[in-house]
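None of the values given here were measured: they were computed from a predicted structure. Both counts, for ligands and for their atoms, begin at 1 and track the order of listing.
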Amino acid sequence: MKVGFLGPKATFTELAVKKVFPGFELEPYQTIPESMDALVDKKVNLAVVPVENALEGSVNITLDYLTHVVQIPIVGAITLPIKQHLMVHPANQDDWRKVSVVYSHSHAIAQCHKFLHTQLKGVPVESVSSTAAAAKMVMEQPETKLAAIANELAAVEYGLAIVQKGIHDIDYNHTSFFVLSEMDLDFESISGSSHYKTTLMVTLPSDMAGALHQVLSAFAWRKINLSKIESRPMKTGIGNYFFIIDLEMKLDEVLIPGAIAELEALGCGVKVLGSYPSVMV
Ligand SMILES: O=C(O)C(=O)Cc1ccccc1
């Protein structure tokens with residue numbers, strides 16, 4: 001069984017994959033869309049992609065690619081604690097305050113805003129495809145004083161020295177990842193979790209006063225708990241949005257189909273993106 005993930009080696013995504021799928025064959029891809037394309041092209045059986053960070057919010061490219069471009073079911077979710085460290089080439093260890101650029105993934109940069117603002121004020125910060133890609137770049141250019149924000153495994157993998165540990169702004173820093181697959185994967189047995197979520201994509205009828213209120217009521221009176229509601233652009237014009245809604249329950253035969261039928265009767269479009277166990281590792 002082959003798992004595609006946002007690489008290179010030692011990204012947070014790989015950490016999440018290794019925790020839940022030990023011993024599986026791993027295939028790194030340079031971007032999130034490439035990992036999903038690999039699944040569509042059947043080069044891998046599963047793809048694991050970051051979807052939400054507790055400090056920075058949704059990973060928009062994941063949600064947008066999943067809703068606008070590919071049609072692959074979500075079969076699981078993994079939530080991983082995130083610790084960010086500042087690392088440099090060992091040759092520049094004593095001089096780390098004089099780095100000329102800090103590289104990382106945009107979400108990691110946002111998670112360390114306070115540290116960058118106070119400790120490395122004025123140093124340019126550039127985002128690259130992943131935290132591990134940043135670490136790899138720093139390793140490859142010892143003569144330029146560069147720094148990366150990445151995890152401990154990336155420091156080991158790319159031979160970098162951690163010069164500041166735990167630089168994320170808030171200690172409670174977690175990221176969730178979606179497990180995507182066309183296969184009928186028994187993620188409940190693999191993850192040991194029976195905590196299910198169901199993710200829906202909902203479009204509203206145009207120009208209907210109180211439409212969102214009515215959508216929420218369909219869940220509220222059935223006592224279906226929502227854990228997330230996110231609006232994303234339809235990409236058809238300013239002000240046109242759809243909603244991604246997470247329900248805190250497994251797709252059943254009564255409550256969720258009833259709510260969906262009610263939304264459809266209102267003129268909403270509803271698509272189930274997945275009903276899947278969610279695990280904290
Ligand atoms: O860049 C990585 O290591 C990723 O896996 C994406 C990401 C970035 C920041 C926090 C969590 C995941």
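Here Glu14 has no heavy atoms under 4.0 Å from ligand 1, in either its backbone or its side chain.
Ion pair Glu152/Lys83 not flagged as a salt bridge, since none of the NZ, NE, NH1 or NH2 atoms sits closer than 4.0 Å to an Asp/Glu carboxylate oxygen. Classification of Glu262 and Arg222 as a salt-bridged pair holds, one side-chain N sitting under 4.0 Å from a carboxylate O.
Proximity of the aromatic rings of Phe115 and His113 is defined here by a centroid distance below 6.0 angstrom, and this criterion is not met.
Those atoms of ligand 1 that come under 4.0 Å of a heavy atom in Thr11, given as number and element, are 2 (C), 3 (O), 5 (O).
Shown here is Gln71, whose CD atom has no more than 12 heavy atoms of other residues, nucleotides or ligands within 6.0 Å.
Not a single heavy atom of Glu56 sits under 4.0 Å from any atom of ligand 1. Using 4.0 Å as the threshold, Leu6 has a heavy atom nearer than that to some atom of ligand 1.
Nearest to atom 4 (C) of ligand 1 among the protein's heavy atoms is Thr13 OG1, 3.5 Å. Among all non-hydrogen protein atoms, the one lying nearest atom 8 (C) of ligand 1 is His105 ND1, 3.6 Å. Scanning all protein heavy atoms for the shortest distance to atom 11 (C) of ligand 1 gives Thr175 OG1, 3.4 Å. Protein heavy atom closest to atom 12 (C) of ligand 1, with residue, atom name and distance, is Phe12 CB, 3.8 Å. Protein heavy atom nearest atom 10 (C) of ligand 1, with residue, atom name and distance: Gln111 NE2, 3.6 Å.
Note that CD of Glu188 and OG of Ser194 are 5.5 Å apart. Values are rounded to the nearest 0.5 Å. Within the model, atoms CG of Leu153 and CZ of Phe12 stand 9.5 Å from one another, a figure rounded to the nearest 0.5 Å.
The shortest N/O to N/O separation between Thr131 and ligand 1 falls below 3.5 Å.
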